[in-house]
A.B. asks: 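So that we are looking at the same thing, I have put the structure below in structure tokens.
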Number of protein chains: 2
Amino acid sequence: MSCEVNLTNQLRERGFRITPQRSVILHILGHAKAHLTPAEVYQQASISLPGLTETTVYRTLEFLAQTGLAQTVFNGKSKYAYEISGYAHHHLVCRQCGTEVEIPHVKAEALFKELQESTGFQLMQNHISFFGLCPVCQED
Amino acid sequence: MSCEVNLTNQLRERGFRITPQRSVILHILGHAKAHLTPAEVYQQASISLPGLTETTVYRTLEFLAQTGLAQTVFNGKSKYAYEISGYAHHHLVCRQCGTEVEIPHVKAEALFKELQESTGFQLMQNHISFFGLCPVCQED
DNA sequence: TTCCTTATTGCAGTTAACTGCAATAAGGAT
DNA sequence: ATCCTTATTGCAGTTAACTGCAATAAGGAA
Ligand SMILES: [Mn+2]
Ligand SMILES: [Mn+2]
Ligand SMILES: [Zn+2]
Ligand SMILES: [Zn+2]
């Protein structure tokens, strides 16, 4: 019916079950304009699924990350955020003010390839957080 | 007296106060053979500083990270770890089994330089965590 | 030394993330 | 349609990380 059908089918084909909880959370992530925290996902998802628990939100988001449909954002503050895996990119995060800048994955492609070849690791191809100071916060 | 004097002097020169808590924690980090969690630091530090609280450990580790004397390790599990800033390196972390591989910073130097020039960010030059699957866990 | 300013700590309480286990329900088989 | 297996969820409780505020003490000034 709605927009997240292709993603749920992808899960079913891989042997996972499609639950209302997963559908709703995928729907929300799919329409998000920004990184969403578990609390934000829970808040929105509760509207259409009143019985939903935060535990399930945490587990579903982690599940989506493990299966590659979503990505975890590390902002350096022990608070998570997630987004649907789409356009491959990374972030520069200011350790002072939290400002985030998006970096297209292609800029890091050479490094990723090199690391994979030299270590045998299969790297998730996007969404690394690079930490530092933004231009504004450098004046301290 | 002991090994962490150069680090504490560095802090004093920058206008920070040297407390027994900071000295002990720096000493522990300086002698650590691996990444240490706040709990591990607390446990060890409590021996020589019985009154120490976990809160102070969390704040001191964060403080050392902010001032560049220590580095935060993101293992992808919302549990922190720290190490003294020494040899510049990064890590590949297996999302399945947690295995970590060390990568010398020099391999990422070109990318870092490029990102700094194109964005104006001043990046912390080490200790990025790249996530993926280790060779063993790829057989699933 | 003693005093003074204020950075740092400890305390108490909060929020975020995680875990074990029993109840539920997805989806394949009959 | 009904049953069955077991993946997934909700519940209750735990652990890790964080925060506000008053008490303490580092280190510069007198
Ligand atoms: Mn992103
Ligand atoms: Mn390291
Ligand atoms: Zn900034
Ligand atoms: Zn592995």
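Proteins come first, then strands; the chains are lettered A, B, ... in the order of their sequence lines, and each starts at number 1. Everything numeric here is computed off the predicted structure, so don't read it as measured data. Basis for what follows: all heavy atoms, side chains included, without hydrogens, waters or symmetry-related copies.
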A.B. asks: Reckon B:Q21 has a side-chain N or O less than 4.0 Å from the OP1 or OP2 of C:dG10?
C.D. replies: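 Yes, such a contact exists.
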A.B. asks: Heavy-atom nearest nucleotide on DNA chain D for A:I18 versus B:T19: which residue maps closer to 5'?
C.D. replies: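 Per heavy-atom nearest nucleotide, the more 5' residue is A:I18.
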A.B. asks: Please give the nucleotide sitting opposite C:dA23 as a Watson-Crick or G-U wobble pair, both distances under 3.5 Å, or none.
C.D. replies: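 Looking at the geometry, C:dA23 pairs with D:dT8.
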A.B. asks: Counting side-chain heavy atoms from CB outward, which of D:dC18, D:dG27, D:dT8 is closest to A:R22?
C.D. replies: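 Of the options given, the side chain of A:R22 lies nearest D:dT8.
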A.B. asks: To the nearest angstrom, how far is A:N75 atom CG from D:dC18 atom P?
C.D. replies: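 Distance check: A:N75 CG to D:dC18 P gives 10 Å.
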A.B. asks: How many angstroms lie between atom CG of A:L64 and atom CG of A:L29, to the nearest 0.5 angstrom?
C.D. replies: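 Atom-to-atom, A:L64:CG and A:L29:CG are 6.5 Å apart.
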A.B. asks: Is it true that atom NZ of A:K107 has more than 12 heavy atoms of other residues, nucleotides or ligands lying nearer than 6.0 Å?
C.D. replies: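 Count over threshold, so yes.
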A.B. asks: Round to the nearest Å and state the distance from B:Y42 atom OH to D:dA16 atom P.
C.D. replies: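 After rounding, the gap between these two atoms is 12 Å.
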A.B. asks: To the nearest Å, how far apart are A:L11 CG and D:dA7 P?
C.D. replies: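 Checked: the CG to P distance equals 15 Å.
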A.B. asks: Taking the ring of B:F131 and the ring of A:F74, is the distance between their centroids below 6.0 Å?
C.D. replies: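 Ring-ring flag for A:F74/B:F131: true, centres closer than 6.0 Å.
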A.B. asks: Can you check the A:F74 CZ to C:dA17 P distance for me, whole Å?
C.D. replies: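 Between P of C:dA17 and CZ of A:F74: 11 Å.
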A.B. asks: How do B:A39 and B:F16 order along DNA chain D: which one's closest nucleotide is nearer the 5' end?
C.D. replies: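 Upstream on the strand: B:A39.
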A.B. asks: Would you say A:F130 and A:V93 are hydrophobically clustered, going by side-chain heavy atoms of ILVMFWY under 4.5 Å?
C.D. replies: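 Different hydrophobic clusters.
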A.B. asks: Find the distance A:E13:CD to C:dG28:P and express it as a whole number of Å.
C.D. replies: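 It is 12 Å, rounded to the nearest whole Å.
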A.B. asks: Taking only side-chain N and O atoms of A:R12, does any of them lie within less than 4.0 angstrom of OP1 or OP2 on C:dG27?
C.D. replies: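 Checking C:dG27 against A:R12, a side-chain N or O does come within under 4.0 Å of OP1 or OP2.
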A.B. asks: Can you tell me the pairing partner of D:dA17 across any strand shown, Watson-Crick or G-U wobble, with both distances under 3.5 angstrom?
C.D. replies: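 Paired with C:dT14.
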A.B. asks: Under 4.0 Å, heavy atom to any atom of DNA chain D: which of residues 46-69 of chain A qualify?
C.D. replies: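 A:G51, A:L52, A:T53, A:T55, A:T56, A:R59, in order of number.
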A.B. asks: Counting heavy atoms not belonging to B:Q66, are there more than 12 under 6.0 Å from its CD?
C.D. replies: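 It does: B:Q66 CD has more than 12 such atoms within range.
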A.B. asks: Atom NZ of A:K79 to atom C1' of C:dA17: distance rounded to whole Å?
C.D. replies: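 So the two atoms are 11 Å apart, to the nearest Å.
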A.B. asks: Verify whether one side chain among A:T72 and B:R95 offers a donor that lies under 3.5 Å from an acceptor in the other.
C.D. replies: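 The criterion, which ignores hydrogens and geometry beyond distance, is satisfied for B:R95 and A:T72.
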A.B. asks: Do any N or O atoms from the side chain of B:E117 and from the backbone of B:E114 form a donor-acceptor pair under 3.5 angstrom?
C.D. replies: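 No, the answer is negative, given that no donor and acceptor are paired below the 3.5 Å cut-off.
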A.B. asks: Rounding to a whole Å, what distance do you find between A:L36:CG and C:dA16:P?
C.D. replies: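 These atoms are roughly 15 Å apart.
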